[in-house]
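A quick write-up on the structure given underneath.
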Amino acid sequence: MSTFAKRERLLLADLLETVGPDAETLCEGWRTRDLAAHVIVRERRPDAAGGTLIKQLAPRLEKVMAEYTAKPYEELIQLIRTGPPRFSPFQLKQVDEAANIVEFYVHTEDVRRAQPDWSARELDPVFQDALWSRLERTARLMGRGAPTGLVLRRPDGQTAVAHRGAPVVTVTGEPSELLMFAFGRQNAARVDLEGDADAIAKVHETKQLGF
């Protein structure tokens, strides 16, 4: 596993253990037990995980998710810590690097920021750059549901176009915060929005950002 992916995986597991199985998350309708099950199904049950994108697989995903949420919570935490099974593609460093850094960062923040006493993490510049690299590559996919033009901008001026159109809303923040925004966590992201007031309101209200 890559250094960042492994670190974020262990942070998520520790946090899930600390807050318990019934804590709030930023994922609508999910408690921490549901989020833990999602992470495991994504890595261990590719036959069902595709249900998040393929409608025909949705019933299977629902069934498999129910099976995992019924397991003891301590078992779910251990499965997250130990990672994917031996022959999973997620065991390959390149796959882990590409797929899991953002996944575990966002879900860790989904738990942290849903708690009433949360505080911002200090992230090192190398990690911020790694998050930005992934955001640049996926910005248009994540912004496909934006109701206006949408530009993501780092404080140093680097930009990524998430959606072409007019009027344009420019969202400025650190890559970690832009990721939270682009993944549909608009109200929990520490960012500044510039543009037409009505357009900004539409962006804040849309539930179509992200995956």
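- Put simply, the side chain of T69 gets close to the backbone of M65: a donor and an acceptor are under 3.5 Å apart.
- For N100 and R42, the side-chain atoms include at least one donor-acceptor pair closer than 3.5 Å.
- At distances below 3.5 Å, not a single donor-acceptor pair connects side-chain atoms of Q186 with backbone N or O atoms of M180.
- Smallest separation of non-hydrogen atoms from A13 and I77: O-CG2, 3.8 Å.
- Taking the side chain as every heavy atom from C-beta outward, R45 and L61 never approach each other to under 4.5 Å.
- Rounding to the nearest 0.5 angstrom, the gap separating the NZ atom in K6 from the CD1 atom in I101 is 14.0 Å.
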- Task: Please step through side-chain contact (heavy atoms from CB on, under 4.5 Å) for the pair L35 and V111, ending with a clear verdict.
- Result: CA-CA 9 Å; L35 191 149; V111 179; 4.2 Å; yes

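- Nearest heavy-atom pair across A139 and A160 is CB-CB, 4.2 Å.
- Residues that satisfy the side-chain contact (heavy atoms from CB on, under 4.5 Å) test with E75, not counting sequence neighbours, are K71, P72, L79.
- R113 places a side-chain N or O within 3.5 Å of a backbone atom of A188 that can act as its donor or acceptor partner.
- Between the side chain of R134 and the main chain of A130, a donor-acceptor pair closer than 3.5 Å is present.
- A pairwise comparison of heavy atoms in L131 and P175 identifies CB-CB, 4.3 Å as the closest pair.
- Counting only heavy atoms from C-beta outward, the side chains of V151 and V169 never approach each other to under 4.5 Å.
- Hydrophobic cluster membership is shared by V191 and L152, with clusters built from Ile, Leu, Val, Met, Phe, Trp and Tyr side chains linked at under 4.5 angstrom.
- Between T32 and T25, the shortest heavy-atom contact is N-CG2, 3.7 Å.
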Worked verdict on I40 versus I80 for side-chain contact (heavy atoms from CB on, under 4.5 Å):
CA-CA 6 Å; I40 295 163; I80 293 173; 3.8 Å; yes

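- Within the 4.5 Å cutoff, the side chain of V203 has heavy atoms near those of the T148 side chain.
- A salt bridge links R154 to D129: one of the charged nitrogens lies within less than 4.0 Å of a carboxylate oxygen.
- Annotation: side chain of R185 is in contact with side chain of C27 (closest heavy-atom distance under 4.5 Å).
- For R121, the side-chain contact (heavy atoms from CB on, under 4.5 Å) partners at least two apart in sequence or on another chain are R7, E8, L11, Y105, T108, E109, R112, L123.
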| request: Check the pair W132 / Q128 against side-chain hydrogen bond (donor to acceptor under 3.5 Å, both in side chains), numbers first and verdict last. | output: CA-CA 6 Å; W132 177 251; Q128 292 282 14; over 6 Å; no

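- Using a 4.0 Å cut-off between charged side-chain N and carboxylate O, R9 and E103 make no salt bridge.
- Sorted by first and then second residue, the salt bridge (charged side-chain N to carboxylate O under 4.0 Å, His left out) pairs involving residues 11-26 (not counting sequence neighbours) are D14-R81, E17-R81, E24-R31.
- Counting heavy atoms from C-beta on, the side chains of L150 and V168 never come closer than 4.5 Å.
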- Task: Given side-chain contact (heavy atoms from CB on, under 4.5 Å), test T170 with L193 step by step and report yes or no.
- Result: CA-CA 6 Å; T170 300; L193 278 69; over 6 Å; no

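- You'll find the side chain of V102 reaches within 4.5 Å of the side chain of L179, heavy atoms only.
- Within the 4.5 Å cutoff, no side-chain heavy atoms of L10 are placed close to those of F104.
- Aromatic ring orientation, F127 versus F4: tilted (interplanar angle from 30° to 60°).
- Side-chain atoms of D117 and Q115 include no donor-acceptor pair closer than 3.5 Å.
- The two residues G20 and Y73 have their closest heavy-atom pair at O-OH, 3.1 Å.
- Aromatic ring orientation, F181 versus H204: perpendicular (interplanar angle above 60°, classes split at 30° and 60°).
- Judged by distance alone, the side chain of E43 and the main-chain N or O of V39 form no donor-acceptor pair under 3.5 Å.
- Legend: side-chain hydrogen bond (donor to acceptor under 3.5 Å, both in side chains) pairs involving residues 188-201, not counting sequence neighbours, sorted by first then second residue: R153-E194.
- E174 is linked by a side-chain hydrogen bond (donor to acceptor under 3.5 Å, both in side chains) to nothing, counting only residues two or more places apart in sequence or in another chain.
- Every side-chain contact (heavy atoms from CB on, under 4.5 Å) that P85 has, sequence neighbours left out, goes to R44, S88.
- The heavy-atom pair separating L178 from V171 by the smallest distance is CD2-O, 3.4 Å.
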Original post:
Which is it for H107 and H38 under the side-chain contact (heavy atoms from CB on, under 4.5 Å) test, yes or no, and what are the steps along the way?
Top reply: CA-CA 10 Å; H107 283 323; H38 158 75; 3.3 Å; yes

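- R60 places no side-chain N or O within 3.5 Å of a backbone atom of A58 that could act as its donor or acceptor partner.
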